[in-house]
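Working notes for the structure below.
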Amino acid sequence: MAAHSAAMAPGIRGRRRSEVEVKYLDKTIIILNGVLILLAGVALLAVMGLSVANIVLRMMGVRFGGVYELVGFAGAIVIAAALGQTQYKKDHVPVDIITRRFPPAVNRGIDLLKYILKMVFAVVVAWKMTAYGLHVADTGEVSETLKIIHYPFIFVVAGGFAVLACTVLLDIVRTLVPEPASPAVTQPVGQEQMVEEEVPLP
Amino acid sequence: MTAQVLGLYGIGVLLAAMMLLKMPPGYAMGIIGFGGLAAHLSWVAGLPAGAATHSATTLVVTDLWGSFSNYGLTVIPMFILMGELIFYGGYSDTLYRAAYRWFGHYRGGLAMTSILACAGFSAICGSNTATAATMGAVAIPSMRKYKYHPTLMTGAVATGSTLGVMIPPSIVLVVYALYQSQSVAKLFIGVLIPGLLLTGLLAATVGLICLRHPEWGPPGERSTWAQRLASLLPVADVLVLFVAVMAAMFSGLVTATEAAAVGCFLALVICLVRRKLTMTALAQALHHTLRITCMVFMIVAGAVIFGRFMAITGLPQAAAGWIGSLDVPGWVVILMMLAIYAIGGCLMDALAFLLISLPIFFPLVEQLGYDPVWFGVLLCLVTTLGAITPPVGICCFVVAGMNKDIPMERVFQGTLYYLPAFLLTVLILMLWPQAVSVLAGLVR
């Protein structure tokens, strides 16, 4: 019995270390996404505030043409900064009418492949978006109406995709090192407001 | 390999990625569109592999930045936020109570109430799953109390929630409008009559079900006229909000984003003044809005990339040319398209299928000379059917998920009773397109 325990110990220790590492990665992703979602929330309120202010100003006879541009840039922050959190909460609804009949091991393999493809896509977009931002900064390109620099917004979008890539990396790790009982998997948004438990398959 | 064959392969790979890899539609369209662009530039245009990949990534990044920073698309988070604020303000209960006071005493009255409350909630929420989750929580406990048959109660809530996209503001119509360069205001005003018609037909269906199975929907308590009139007062807030947004859009003086922003601002003010919204609830409303918006935007951005790939292959034009050359009347072509959309809507998210297929079908609709606003409303109606039909039926999943004791099959069985109402609405729209154009034509 003692020999059996001794033989198992390194495996268990390794598994525990992996779980601890996953927890650290998880915490880092939560903090990153938390900061970005705060930024996205502020940008969302800015979209509302700017649009309402523009109507009020127009009614008072004051025309401020650059509002549409600013709202567009704020809109870009809204989406990009929410990319990681949306992935973390598994809000993108997949089509699983065929795969739900597959064995769990096959589904894990499929998930892994899907996450790798997604991560590659996110990394490529983050990298190329940064390059695009640098190009815009180098050429001194400014926005059409307000004539302001807009590359910082492009960098925010690049950052959003980078955090998305990190969040997908966490999903890959979780697929490879499954937790005994994962509480992090949540309902898709819109359903979780009222549905307390997981939606069963038919 | 010709460009059009590559396009056909692209569609096949896209479907495989979604069905076999469980890839969410937005990402699938983005990744396959990117791969397709690179393949086209390399295999068809003859660029070296490195240069083709570089050009494809540049196109994808430009498309993503263009979609994310598109002013027109900012209307989406605004309408979603308006619905979330009203939801967290507790107005779904208010709407249900008001409808109950007026119709609860009829046989099947609570099921009718659910459908009417769904229509009311849809007037400030553009998503059918959000409507299903909200009204399911409000309506089903009441129907349980009066011993309603599970088939009737779940069917009514799941089907009623499809009104989320058939009563303005509708996210599906917003995306259709922006994707096909149509007027959001015209689509919103145009969908009013079909949406109300469908609401009436769904409510009438409850009456017919209860004629055949009177024991399925026992009548509730009769309210006094004082109670009925008093119930309308709290609903006035939602009515004011709806009228303000629609009037702003109808006037043509403000953009769709501005109208939606005014709706959001009014919703926020109303909820705060009435002390219906705590800071926590506001934070939750913002959080949910961001996540739903991101989900919708990824589908739109993916569709833009995939649409560019389709356009570069010339497949949509070739398909339009081929179908246009068939010796069949235009209405047969439209019916064939609707059948494809009905099947596609059953298999995947309605918005995703709409965006995948529109580059192929829309040129044809224009070529046949049909009104794009009318076609958009018709598509919205047909694809939303997918939310209550097997195997995907997302609204049925939501309702069944909230009621573990009711099998999924029973929910689907309940929604089947309402299919004739949908078909009748489609038929009316086909025979009488003025149901859409009569109001849409008034928009400046």
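Below, chain A is the first sequence line, B the second, and so on; all start at residue 1. Quick caveat, the model's predicted, so the values are computed rather than measured.
Between A:Tyr68 and B:Tyr71, the ring planes lie tilted relative to each other; the angle falls in the 30° to 60° range.
A:Val157 touches chain B through its side chain: at least one heavy atom from C-beta onward sits under 4.5 Å away, while N, CA, C and O do not. Contacts between A:Leu164 and chain B at a heavy-atom distance below 4.5 Å involve the side chain alone, from C-beta outward. Proximity to chain B (any heavy atom under 4.5 Å) is restricted, for A:Leu45, to the side chain, taken from C-beta onward. Proximity to chain A (any heavy atom under 4.5 Å) is restricted, for B:Met298, to the side chain, taken from C-beta onward. Only the side chain of B:Leu81 comes within less than 4.5 Å of a heavy atom in chain A; its backbone stays farther off. Of the atoms belonging to A:Leu113, it is side-chain heavy atoms, and not backbone ones, that fall under 4.5 Å from chain B. In this structure, the portion of B:Tyr27 lying under 4.5 Å from any heavy atom of chain A is its side chain and not its backbone. For A:Phe153, the parts lying near chain B are the backbone and the side chain together; criterion is any non-hydrogen pair under 4.5 Å.
If you tally non-hydrogen atom pairs under 4.5 Å between each of B:Thr58, B:Thr74, B:Asn70, B:Leu21 and chain A, the highest count goes to B:Leu21. Looking only at heavy-atom pairs under 4.5 Å with chain A, the residue among B:Leu64, B:Thr257, B:Thr62, B:Ile76 that has the most is B:Leu64. Among the candidates A:Gly41, A:Ala40, A:Ala158, A:Ala131, the residue making the largest number of heavy-atom pairs closer than 4.5 Å to chain B is A:Ala40. In terms of non-hydrogen atom pairs under 4.5 Å with chain B, the most contact-rich of A:Val125, A:Val47, A:Leu44 is A:Leu44. Of the listed residues (B:Leu20, B:Val262, B:Val60, B:Thr293), the greatest number of heavy-atom pairs within a distance under 4.5 Å of chain A belongs to B:Leu20.
A pairwise comparison of heavy atoms in A:Ala76 and B:Trp65 identifies CB-CZ3, 3.9 Å as the closest pair. Between A:Thr86 and B:Met295, the shortest heavy-atom contact is CG2-N, 4.2 Å. Residue A:Ser51 comes nearest to B:Ala261 through the heavy atom pair CB-CB, 3.4 Å, listed as atom of the first residue, atom of the second, then distance.
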Quick one: do A:Gln85 and B:Leu290 satisfy side chain to side chain contact (heavy atoms under 4.5 Å, CB included)? Show the steps, please. CA-CA 9 Å; A:Gln85 184 74 349; B:Leu290 291 169; over 6 Å; no
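Rounded to the nearest 0.5 angstrom, A:Lys128 NZ and B:Leu59 CG are separated by 11.5 Å. One finds the CZ atom of B:Phe68 at 7.0 Å from the CE atom of A:Met129 (value rounded to the nearest 0.5 Å). Rounding to the nearest 0.5 angstrom, the gap separating the SG atom in B:Cys294 from the CD1 atom in A:Ile79 is 6.5 Å. Here the straight-line distance linking atom NE2 of B:His287 with atom CD1 of A:Ile37 works out to 4.5 Å at 0.5 Å rounding. Between the OG1 atom in A:Thr99 and the CE atom in B:Met18 there is a gap of 12.5 Å [rounded to 0.5 Å].
Taking the side chain as every heavy atom from C-beta outward, A:Val124 and B:Thr57 approach each other to under 4.5 Å. Side-chain contact check for B:Ser69 versus A:His150: every heavy-atom pair is 4.5 Å or farther apart. Two residues are said to be in side-chain contact when any heavy atoms from C-beta on lie closer than 4.5 Å; B:Lys22 and A:Ile110 meet this criterion. Looking at heavy atoms from C-beta onward, B:Leu268 lies in side-chain contact with A:Met48 at the 4.5 angstrom threshold. For the pair A:Arg58 and B:Val254, the minimum side-chain heavy-atom distance is below 4.5 Å.
Around atom OH of A:Tyr151, no more than 12 heavy atoms belonging to other residues, nucleotides or ligands sit under 6.0 Å away. When the shell of 6.0 Å around CZ of B:Phe265 is examined, it contains 12 or fewer heavy atoms from other residues, nucleotides or ligands.
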